[in-house]
Amino acid sequence: MAAAPGPTYLIADTVADRAPDLAIVRRLAGYLRRRRGVAAACVGLVLLSSAAVTAGPWLLGRAIDHGVVAGDRHLLVELALLMLAVQGVSTAAAVGEGILFAILGQGVLHDLRQDLFARVQSLPTPFFDRNPVGRLVTRLTNDIAALGELFAPSVVSVAVDVGVIVAVSVALFFLDSWLAATAFLLFPVLVLVTVYFGHRIRTVFRDVKGRLARINAGLGELIPGMRVVQLFGREQGEGDRFTELNGAYRDAQLRGVRYNAILHPLVQVCAGGTVAALLVLGGWRVHAGVITVGTLVAILTYTQHLFQPVRGLIEKYNLFQTAMASAERIFLLLDEPPEAGWGEGAEGLGGDRPAPTDTAAGVAEGDHGAAALPARLRGEIRFRDVHLTYDGGVTALSGLDFAVAPGEVVALVGPTGAGKSTVASLLLRLFEPTAGTIEVDGRPLTAYPKGFLRRRIGLIGQEVFLFDATLRENLCLFRPVAEARLQEAIRQVGLQEVVARLPDGLEARVGERGGRLSLGERQLIAFVRFLLYDPDILVLDEATASIDRTTERTIQRALEVAAQGRTTLIIAHRLETVRHADRVVVLAAGRKVKEGEPAQLLGG
Ligand SMILES: Nc1ncnc2c1ncn2[C@@H]1O[C@H](COP(=O)(O)OP(=O)(O)OP(=O)(O)O)[C@@H](O)[C@H]1O
Ligand SMILES: [Mg+2]
């Protein structure tokens, strides 16, 4: 489970078939160590209940020999009361175990979920291009739940079972080593069977998890895309695709169930055989006067206590295998390298994305870059021979050169696929250029921590993502913003009519992904967000496409407000929409093909 060198960007749904159990267990133990106190209390309770379970049959044996056979009534009552007391202790311990193990388990799961989410938040853009939402959500929910079964109350008994097996073994050998040896005669068979099936079950459950992730990934895509499916009458096709995934999942589950079904009866056969052998052998030894009847009864009871936990352990071994398969996948995601470049100069860990803070800047303080960082950017942008080939092999930029002076409004125009949005992504360091340099204020982009860049350069993208929250929360992005400032920004952008039209105004919920708002309204929301954020450079990607004349005029005014005093890069398809720009750079196939004033280019 060593961390892969460099970004991998890819979560495998199934993991190579090896058994790194020890490494996984060690990492899980690390999480347990954070909750030492509770873990120690759990161990104490397990010891207590093992001792109680061991005391029971021993007292029973004494009661039979001295109380029943020898006829000591007084002792009989005493021993019976003692057995009752032992039962009381054992019950109390079981209650404590149930609660404490749950606290421990849920704590570990909570920490894991927390770490996973923090990791997901720190991953670079290409990672999300590669990994479907459903797959990630499966890892955060389902895999954690499977791991949770390891700590579920029913599995508390694993620890108790181990304790009981050890304690009972000691007691058995103490009572009669011959019979004890007989009780263990079939153990090697059990171990072999368990190991044989365990390996298979684990493989099957890895498969099960992988297939579940695929179902979730499919649903995660299909449900948001349901409109397209219904509009194009693709229900049958998508239904078939789902049926296939669903069937594969069911088959994988059934394979696992089959192994479990065989395993159980096998244990029972072993238990039955052992008890029969003990009865015969023990009976002979009682006749021969080597042991008492009470001892035989105690030994037979112990043997029952022996196979019960073994059966339990095997059952839990399966859960353990499932949990291991999940843990493996969880750690794989945890090992995904976070986005680098957050505090330049401090390579490795120091360069990783910092823990999220309330300040929007998120600039790592104390690194050498930060000391020299200006409060604001002047806004000079220069692309020098920039190339970018995406992961998939598509070359979006091939030798792009252009510059923007501070305060200038430059339009980037070109056909679809020319690489315009790519320029915006590069400027915000969502991707890194394959070759060439990008400079802002005369310094290469890599000299700025990413947090600083993204704070100082505001992007209004082609798609405006809205959260399923109120309009206010979407405008302020869940930060506290002074009411006057918010109202001012709304007025500047021209969103007040939209707010007035909504039944609950600013407190209206906008629906998942802003489904209840029009495209133009969403664009205006993006402008308000931008003004509240107040960065130094505005990058606007195609805000005016697919919008009516009135909205276009509103957006145009919003743009003028937003562009005031800021270097502005407007990305558009057509020259007509960017007449007001100071200069136009025409892009085609990832290169600059023309440059000049709008009027000049429109005329020529
Ligand atoms: N994340 C990505 N991964 C792989 N390829 C990408 C990615 N984003 C864009 N591309 C590819 O890079 C090329 C340039 O894309 P880009 O989005 O920059 O074009 P654009 O000029 O903004 O187009 P449009 O006008 O349609 O928005 C396209 O061929 C596109 O398929
Ligand atoms: Mg684009």
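Predicted model only: the values in this text are computed from it and were never measured. FYI, side chains are in, hydrogens and waters are out, and symmetry mates aren't considered; it's all heavy atoms of this structure. Heads up: numbering here begins at 1 and tracks the sequence.
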Colleague: I'd like to know if the side chain of T434 and the backbone of T389 have a donor-acceptor N/O pair within less than 3.5 Å.
Modeller: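 Yes.
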Colleague: With side-chain contact (heavy atoms from CB on, under 4.5 Å) as the criterion, how do L219 and F242 come out once you've worked through the C-alpha distance, each side chain's angles and the decisive distance to 0.1 Å?
Modeller: CA-CA 8 Å; L219 285 177; F242 185 76; 3.8 Å; yes
Colleague: Just by modelled atom types, is the L400 backbone N or O under 3.5 Å from a matching donor or acceptor in the D385 side chain?
Modeller: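 No; zero donor-acceptor contacts below 3.5 Å.
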Colleague: Does atom CD (Q496) have a neighbourhood of more than 12 heavy atoms from anything else shown, all under 6.0 Å?
Modeller: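 Buried by this count: over 12 neighbours within 6.0 Å.
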Colleague: Evaluate the side-chain proximity of R443 to P374: yes if any heavy-atom separation is below 4.5 Å, no if none is.
Modeller: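 In contact.
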Colleague: Are any non-hydrogen side-chain atoms of Y533 and R455 less than 4.5 angstrom apart?
Modeller: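 Y533 vs R455: side chains touch.
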Colleague: Listed by chain and number, what are the side chain to side chain donor-acceptor pair (under 3.5 Å) partners of E238, not counting sequence neighbours?
Modeller: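 R241.
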Colleague: Checking K420 side chain against P415 main chain: does a donor-acceptor pair fall under 3.5 Å?
Modeller: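 Side chain of K420 to backbone of P415, a donor-acceptor pair under 3.5 Å: yes, one is there.
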Colleague: So, taking the atom named CZ in F527 and the one named CD1 in I490, what distance separates them when rounded to the nearest 0.5 Å?
Modeller: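 Going from the CZ atom of F527 to the CD1 atom of I490 covers 15.0 Å.
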Colleague: What heavy-atom pair brings L388 and P433 nearest, and what distance separates the two atoms?
Modeller: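 Here L388 and P433 meet closest at CD1-CA, 3.9 Å.
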Colleague: Parallel, tilted or perpendicular, judged at 30° and 60°: which one describes the rings of Y390 and F431?
Modeller: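 Ring orientation of Y390 relative to F431: perpendicular.
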Colleague: More than 12 heavy atoms of other residues, nucleotides or ligands under 6.0 Å from CD of E463: is that the case?
Modeller: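 Not buried by this count: 12 neighbours or fewer within 6.0 Å.
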Colleague: Hey, are the side chains of L377 and Y448 touching, using non-hydrogen atoms and a 4.5 Å cut-off?
Modeller: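 The answer is yes, as the side chains (C-beta and beyond) meet within the 4.5 Å cut-off.
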Colleague: I'd like to know if the side chain of R454 reaches the main chain of R429, judged simply by a donor and an acceptor atom lying under 3.5 Å from each other, with no hydrogens or angles considered.
Modeller: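 A pair under 3.5 Å: yes.
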Colleague: Does any non-hydrogen side-chain atom of E380 lie less than 4.5 Å from one of E439?
Modeller: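 They are not in contact (no side-chain heavy atoms under 4.5 Å apart), so the answer is no.
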Colleague: Answer yes or no: are there more than 12 heavy-atom neighbours, outside E235 itself, under 6.0 Å from its atom CD?
Modeller: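 Atom CD in E235 is packed in, count exceeds 12.
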Colleague: Using a strict 4.0 Å threshold on nitrogen-to-oxygen distance, state whether R472 and E483 make a salt bridge.
Modeller: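 Result for this pair is yes, salt bridge flagged.
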Colleague: Does atom CZ of F478 have more than 12 heavy-atom neighbours, drawn from other residues, nucleotides or ligands, at distances under 6.0 Å?
Modeller: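 For F478, atom CZ is crowded (more than 12 foreign heavy atoms under 6.0 Å).
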Colleague: Would a distance-only check, ignoring hydrogens and angles, find a side-chain to backbone donor-acceptor pair under 3.5 Å from R27 to I24?
Modeller: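 No; judged by distance alone, with no hydrogens or angles, the pair does not exist.
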Colleague: List the atom of T422, the atom of A396, and the distance in Å for their closest heavy-atom pair.
Modeller: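 Scanning both residues completely, I find the closest heavy atoms to be OG1-CB, 3.7 Å.
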Colleague: When you compare the side chain of I381 with that of V410, does any pair of heavy atoms fall below 4.5 Å?
Modeller: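 Not in contact.
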Colleague: Between the main-chain N or O of P535 and the side-chain N or O of R566, is there a donor-acceptor pair closer than 3.5 Å?
Modeller: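 Checked: pair present.
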Colleague: Hey, are D401 and K592 close enough for a salt bridge, meaning a charged N less than 4.0 Å from a carboxylate O?
Modeller: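 Judged by the 4.0 Å cut-off on N to carboxylate O distance, D401 and K592 do not form a salt bridge.
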Colleague: Can you see which heavy atom on P337 is nearest to which on P124, and at what distance?
Modeller: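 Nearest heavy atoms, P337 then P124: O-CD, 4.0 Å.
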Colleague: Side chains of L28 and L147: closer than 4.5 Å at any heavy-atom pair?
Modeller: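 Yes; the side chains approach each other to less than 4.5 Å.
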Colleague: Rounded at 0.5 Å granularity, tell me how far CD1 in I460 sits from CZ in R529.
Modeller: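 Here the interatomic distance stands at 10.0 Å.
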Colleague: Are the side chains of L397 and L426 in contact, using a 4.5 Å heavy-atom criterion?
Modeller: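 In contact.
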Colleague: Taking 4.0 angstrom as the limit, do D115 and R34 come out as a salt bridge?
Modeller: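 Result for this pair is yes, salt bridge flagged.
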Colleague: Of the non-hydrogen atoms in G407 and D582, which two are nearest, and what is the gap between them?
Modeller: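 So the minimum-distance heavy-atom pair works out to O-OD2, 4.4 Å.
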Colleague: Does any N or O in the side chain of R485 come within less than 3.5 Å of the main-chain N or O of L532, such that one atom is a donor and the other an acceptor?
Modeller: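 Pair found, side chain donor or acceptor close to backbone of L532.
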Colleague: Taking side chain as C-beta onward, heavy atoms only, is I330 less than 4.5 Å from I144?
Modeller: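 Sidechains of I144 and I330: in contact.
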Colleague: To the nearest 0.5 Å, what is the distance between CD1 on I215 and CG on L222?
Modeller: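 If we round to the nearest 0.5 Å, I215:CD1 and L222:CG are 12.0 Å apart.
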Colleague: Any donor-acceptor pair under 3.5 Å linking the side chain of R234 with the backbone of V228?
Modeller: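 Judged by distance alone, no pair lies under 3.5 Å.
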Colleague: Just wondering, more than 12 heavy atoms not from F117 lying within 6.0 Å of its CZ?
Modeller: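 Result for CZ/F117: open.
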Colleague: Could you please spell out the steps behind the side-chain contact (heavy atoms from CB on, under 4.5 Å) verdict for D504 and L502?
Modeller: CA-CA 6 Å; D504 296 320; L502 288 169; over 6 Å; no
Colleague: Distance check, rounded to the nearest 0.5 Å: Q114 atom CD versus H110 atom NE2?
Modeller: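 Rounded to the nearest 0.5 Å, the CD-NE2 separation comes to 4.5 Å.
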Colleague: Do you know the tightest heavy-atom contact between L531 and A562?
Modeller: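 So the minimum-distance heavy-atom pair works out to CD2-CA, 4.0 Å.
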Colleague: Before giving the answer on side-chain contact (heavy atoms from CB on, under 4.5 Å), spell out for I525 and L495 the whole-Å C-alpha distance, their side-chain angles and the decisive distance to 0.1 Å.
Modeller: CA-CA 7 Å; I525 288 175; L495 190 71; 4.2 Å; yes
Colleague: Take L506 and Q487 through the side-chain contact (heavy atoms from CB on, under 4.5 Å) test and state the conclusion after the steps.
Modeller: CA-CA 10 Å; L506 278 174; Q487 291 300 343; 3.7 Å; yes
Colleague: Just verifying a value: how many Å separate T567 OG1 and D441 CG, rounded to the nearest 0.5 Å?
Modeller: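 Spacing of OG1 (T567) from CG (D441) equals 8.0 Å.
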Colleague: Does R119 reach the main-chain N or O of L334 with its side chain, forming a donor-acceptor pair under 3.5 Å?
Modeller: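 Pair found, side chain donor or acceptor close to backbone of L334.
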Colleague: Under 3.5 Å, is there a donor-acceptor pair between the side chain of R522 and the main chain of F465?
Modeller: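 Answer holds: no.
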Colleague: Going through the distances and angles, do H580 and E560 end up as a side chain to side chain donor-acceptor pair (under 3.5 Å)?
Modeller: CA-CA 10 Å; H580 51 274; E560 275 157 29; 5.7 Å; no
Colleague: Minimum heavy-atom separation for V440 to L445, with atom names?
Modeller: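 V440 and L445 have their closest heavy atoms at CG2-CD2, 3.6 Å.
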Colleague: A quick test of your reading: do over 12 heavy atoms of other residues, nucleotides or ligands sit less than 6.0 Å from CD of E597?
Modeller: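 Open.
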Colleague: To the nearest 0.5 Å, what is the distance between CG (D536) and CZ (R378)?
Modeller: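 CZ of R378 is found 11.5 Å from CG of D536.
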